[in-house]
Protein chains: 2
Amino acid sequence: METTNYTVTGMTCGHCAGSVRTEVAKLDGVTDISIDVPTGRLTVTSSAPLAAAAVLGAVEEAGYAASPA
Amino acid sequence: METTNYTVTGMTCGHCAGSVRTEVAKLDGVTDISIDVPTGRLTVTSSAPLAAAAVLGAVEEAGYAASPA
């Protein structure tokens with residue numbers, strides 16, 4: 001298991017978190033996703049290491065910007 | 001055509017507005033819905049007068065509170 005943290009900017013509510021969750025969940029190997037809206041903290045757990053670019057791309061797909069934390 | 005304004009509290013983003021729109025659109029006779037997230041202004045146009053309680057109930061169904069404006 002690999003766990004990586006990212007900081008997502010622009011999320012304001014649970015719907016925003018839901019959009020991010022939906023996109024990140026599409027990535028191969030993701031087993032758990034935790035999102036804290038106030039801080040923008042996104043924690044992704046996966047069965048194998050995930051390319052950060054893939055996670056950042058998924059967050060962008062949801063309409064937000066992210067960076068490794 | 002009847003147009004009525006309401007003030008919705010708690011919407012923070014376009015997803016929130018979308019949720020309110022979806023619920024209000026289910027009401028019989030609604031022909032147009034306009035939502036301004038920053039001010040919370042919800043404008044509902046309908047082919048016949050709508051009971052305010054129905055609109056307020058729809059907004060509540062979406063997870064927000066509203067009052068006639």
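Per chain, numbering begins at 1; letters A, B, ... match sequence-line order.
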Looking only at atom types and distance, does a side-chain atom of A:S47 sit under 3.5 Å from a main-chain N or O of A:G29, one as donor and one as acceptor? yes
Within residues 16-26 of chain B, which residues come under 4.5 Å of chain A, heavy atom to heavy atom? B:C16, B:S19
Restricting to non-hydrogen atoms, name the atom on A:A66 and the atom on A:V8 that form the minimum distance, rounded to 0.1 Å. CB-CG2, 4.0 Å
Taking the side chain as every heavy atom from C-beta outward, state whether B:V55 and B:Y6 have any pair of such atoms under 4.5 Å apart. yes
side-chain contact (heavy atoms from CB on, under 4.5 Å) assessment of A:I35 paired with A:M11: CA-CA 10 Å; A:I35 300 175; A:M11 296 187 299; 3.5 Å; yes
Just by distance, with hydrogens left out, do A:S34 and A:T43 show a side-chain donor and acceptor under 3.5 Å apart? no
Under a 4.5 Å heavy-atom cutoff, which of B:G10, B:C13, B:G14 has the most pairs with chain A? B:C13
Any side-chain heavy atom of B:T45 sitting closer than 4.5 Å to one from B:T4? no
